[in-house]
Amino acid sequence: MTAATTAARLRRIAPIWVVLVLVLVGIVWRDPTFADPPTLLAFVKRSAPLAVLALGQLFVVISGELDLSVGALITACVVAAARLGEGDPSRTWWIILLVLGFGVVVGVVNGLITTMLRVPSFITTLGMMLVLGGAVFLWTGGSPTGALAENFRQYGREDIGPVPYAVVILLAIAVAAYFLLHRSRFGHQVFATGGGTRAAELSGVAVRRIRVTSFVLSGLLAAVSAILLAGFAGLSANAGQGYDFQSISAVVLGGAVLGGGRGGIGAALGGAFALQAMFTLLNLLGMAAPLRDTVQGLLIVAAVAFAAYRLRSNR
Amino acid sequence: MSRKVLPGIAIAAAVLAIAACTSTKPTGAAGPSSSATPTDASQSKFYNQADFDRELKQRTETAQGDPSTPWLQTIDASYVDTTKYKKNPKWHLCFSNASVSNPWRVTGLTTMKAEVALHPEIGDFTVDDAQGKDDKQISDIADLQTRNCDALIISPNTTDALTPAVTKACQSGIPVVVFDRGVNTTCPVSVVHPIGGYAFGAAAAEFESQRIPKGGKVLALRILPGVDTLENRWAAAKSVFQKAGDNVVGVEFTDGDPAKTKTIVSDYIDRFGGLDAVWMDAGATTVAAVEAFQDAGRKVPPIDGEDEQDFLELWQKDGLNAIAPTYPVYEWRTAVIAAVDILSGKQVPKEWVLPQPVITKDNLSQFITPGMPPLFYSTCGCQKMPGFPQTWGGK
Amino acid sequence: MTAAAHRHVGSSRPVWLVLVLLFGVAWLVVALDGGNFVALPNLQNIAQSSVALGLVAVGQSLVVLAGSLDLSVAYVVSVSAVTASVVMNGSAADIPLGLAAALGVGAVIGLGNGAVIVGLRVNPFIATLGMSLVVRGILNALFDNFAGAVPDEFQALGYDAVAGVPVSLFLLAAVVAGAWLLLHRTRFGYHVYAVGGNIEAARASGIRTGRVVLVAHVLAGVCAAASGVFLASRLGAGAPWVGPDGGYDLESIAAVVLGGTALAGGRGRLLGTIAAVLMLAVLDSVFNQFQANAFVQTLVRGVIIIGAVALYAFREQS
């Protein structure tokens, strides 16, 4: 192997992995117990809701759109699950199905409004965010009612043997998403759609269907994320707050380009973990809480600037 | 058409500026400048020794009135005459609400509406919701002054920004009742509030401080900066911990988000190998903090919450070592009662200070109403009102 | 691309028509309810409550027309409000200094946004989202409450009225007029539409596209800063949360698209944006009149935003 090919290989590694490794090293340096498998698994577990959400967002972003409604969708799912379930464990199964179904429906609506009515997805999903946020609390009278059953919460909170449910679920979804995006015809068409809508249409891709399907995946995974988050953190009116912009940040940190056509499952996961790990690291470093926002902002911009730079220099 | 008009407007503006000039800003309003000392990085801005001492004293005083209806009780009251506001029913009562953005406020508004329904003399009840925006609330208060209200109740979004608008409302001649957060003016006929933030923060901090070894590790979790009652809670707690020589290892903001809370607490448990106490400035995320210890397989240290149902139930079930200083929701009832008293010409306290119950393991069971939703606040004083529990989302 | 194509920017007339309709309906239903919607205090109130969002939305229109986006405006509002009130610190003599400092900070942040977008080729969504996080962090680290104070004289801007018209409305009118002249009567305005319409074509025809985007962002920063100054005058001081609590980031974008401007850039009218801002204020007033609860309000806004944009898209197709 020559030096040139090694360099070329190194260049192909998504920079987010370098960031993630640096952050993790920093955490372990400050707190060696972090490297213990249980602590590490606990970290993955609490990152799982954002990571799952980011995977859904990734499909939408690669297809050239944006989904700002996922945060509100999570809130709606969590509040609805509590209201309908009322803490009764025997209802858990149909509630899970219902929540997932609701995610799909919201995805279909987002997709159809964006493709058929030609409303830019930024506006569609911004509107959906308001509609969901208004509707769910109108329904429950302002604050969450009911309760979440323990067997509903176990997926985000408890373990199977030594491994948290959430980690297993995340792994399964990540593998499935990998094959769907990087190894299937559909995935290829998602990239084609975002890379150049016109060209994709000419080469026979049903662009609208691809976009709608991407929104459906985003909605579905937001519902999964809602189940994990409800399990991890319990019922609250704030569940999912800020996750819309966080998931976009994660995807972008992972090298996806807003506007479409670029991105990868692994790097998006890396982005989600990096965001969570950064939060923990800054916490460990004892940095003044508000300045963490500043660091996160700089990091996101730097990552995207770097990606843009690489794109140019590769041409 | 409009493209020619606009530059014209700008010129007209200049001309008119010299002509008639009227102001809707109240004269002599105490702006934020009068109360706010120059910004200091320390807590001094939110720490007022006199208020602190007064609140701590009021904690131990016996409130006047029947303890079974705490929303009618008063502490250190000095009454004002209201005969000049006396009016024949039916009245039109108006309310400018800061927001319904959290379950405490939702329970409050529900309770308030139920209180209004108890008074046949109130013909109309108009509510403008500012959705947490100072600017909108200023407009809302102006809007309500055009609606022929007989009395105006205001729950200010922030103390400083709403002071001029409240002053102006007072000057319009209708009686004004302010509750929850205060304003920097004495113009409202009555200001209703529980004892206050210092008493809340101190009660929790004292409880925790007494139960941990000297120099014990305390994590302080706060919702967000800048809200005066929350700042007061922390200021009091900080001084308690300092005096006791406890080690506050971190002060973190949670935004009221349980996921963030759980993550922060887990991080601190890992980093410090456990914590001796967790102090919280509000109860919204106490359950998440407790779960962080439980999920890590650790004993839950002394902790504080509020009177929200999910925390009280968890406390009872798991036998936590906890305390719940409250910020009672029944003040929403009192605000309406104050307005009704004023319009009936009855004397009302100029500053209506309500007792602030502290829930301990001894009186815990009294505060749990089974069948209520998880984010129901049990100090609503609403348990015997018509429509309870369904109207409050209970069964 | 021909000049005619550049000039094909649509008309704001339908939006004003909708505004007039909405206003008429509001007048009617409120009258039937026994109220008076067109009473002077109510009109003053509607006007007054349009100013803060209106100022931000003017700047947002400029960047959106140029094919960009600014998510940092909410924090620019906060920063400039705090800057103005800290610099003035209650002294009337320092009003000019406070104004200059506040608008200057807005311009600098806008310049930063523009530089990152143009120079580092970062997508505007990310660049301005990142900027808002950066600004938020610094602001919250330095201030935790209302800081400083504006002098009483300065509160005239927020509260006084001249011949029944709120002073702040003149500020908004002046900013709108300035922006309108800039967009429709200068070379720069022509370039904004050209760059937003098709950046490659604009570049090919010799327009220095980077500079256009940069200037648009500086102006957006200044407009947001003007809104912050207005809010400082109205609230008596600035606090770190006044911008984000007002939701000016997403609401200003909503107003821009509600006013008929295409989010992709190049098409739309500044006056459409202003009509949309007034529409939202009228809607708020109607909600108040009819005691709609806060959640219904949120829901209705969502439906209106999607519905309006769908309608524009439909009109364009047919």
Side-chain angles (χ1 to χ4, degrees), chain B residues 1-3 6-7 9-10 12-14 16-17 19-26 29 31-34 36 38-39 41 45-46 97 99-101 126-129 131-136 138-140 142-147 157-164 168 224-228 231 253, chain C residues 12 16 35-36 39 41-42 44-45 48-49 52 85-86 89-90 140 142-152 155-156 158-167 170 173-174 176-177 180-181 184 231 234-237 239-242 245-247 271 284-285 288 291 293-295 297-298:
Chain B
M1 176 203 80
S2 37
R3 62 178 67 174
L6 274 171
I9 290 180
L16 281 170
C21 183
T22 55
S23 178
T24 53
K25 185 191 171 258
S33 48
S34 57
T39 318
K45 186 166 178 182
F46 292 104
N97 194 8
S99 74
V100 280
S101 60
T126 301
V127 186
D128 277 7
D129 189 309
Q131 302 176 7
K133 303 174 187 178
D134 289 334
D135 187 37
K136 183 168 189 304
I138 292 172
S139 291
D140 283 348
D143 171 57
L144 289 172
Q145 283 166 62
T146 68
R147 310 273 286 273
N157 190 50
T158 59
T159 298
D160 290 341
L162 269 303
T163 298
K168 195 190 146 206
L224 75 177
V227 176
D228 47 9
E231 291 288 353
F253 292 105
Chain C
S12 66
W16 285 94
N36 184 3
N42 195 44
Q44 281 181 336
N45 215 4
Q48 189 78 272
S49 57
S85 78
V86 168
N89 206 13
N140 284 335
L142 294 178
F143 301 97
D144 57 5
N145 198 356
F146 284 96
V150 301
D152 278 356
Q155 287 200 276
Y159 286 94
D160 286 11
V162 178
V165 183
V167 170
F170 295 120
V176 171
W180 188 89
L181 288 173
H184 299 292
L231 280 175
R234 197 148 160 81
L235 308 183
W241 60 78
V242 298
D245 276 7
L271 294 182
D284 265 348
S285 175
N288 272 352
Q291 294 289 295
N293 87 29
F295 307 110
Q297 298 190 19
T298 312

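Here is the naming used below: chain letters follow the sequence lines, and residue numbers restart at 1 for every chain. Source: prediction; values computed, not measured.
For B:Asp140, the side chain to side chain contact (heavy atoms under 4.5 Å, CB included) partners are B:Ser96, B:Asp128, B:Ala130, B:Lys136, C:Asn288, not counting sequence neighbours. In terms of the salt bridge (Lys or Arg N to Asp or Glu O under 4.0 Å) criterion, B:Asp129 has no residue partners (sequence neighbours excluded).
Among the candidates B:Asn157, B:Asp134, B:Asn97, the residue making the largest number of heavy-atom pairs closer than 4.5 Å to chain C is B:Asp134.
Contact of B:Gln145 with chain C is not made at all, since no heavy-atom distance falls under 4.5 Å. In this structure, the portions of B:Ser139 lying under 4.5 Å from any heavy atom of chain C include both its backbone and its side chain. Interface residue B:Thr158: only side-chain heavy atoms are found under 4.5 Å from chain C. Only the side chain of C:Asp284 has a heavy atom closer than 4.5 Å to any heavy atom of chain B. Both the backbone and the side chain of C:Ala294 come within contact range of chain B, each with at least one heavy atom under 4.5 Å from a heavy atom of that chain.
Using a 4.5 Å heavy-atom cutoff, the side chains of C:Leu235 and C:Val242 are in contact. Counting heavy atoms from C-beta outward, C:Gln48 and B:Ile138 have side chains that stay 4.5 Å or more apart.
Side chain of C:Gln291 to main chain of B:Val127: a donor-acceptor pair is present (N/O by atom type, distance under 3.5 Å, no hydrogens or angles).
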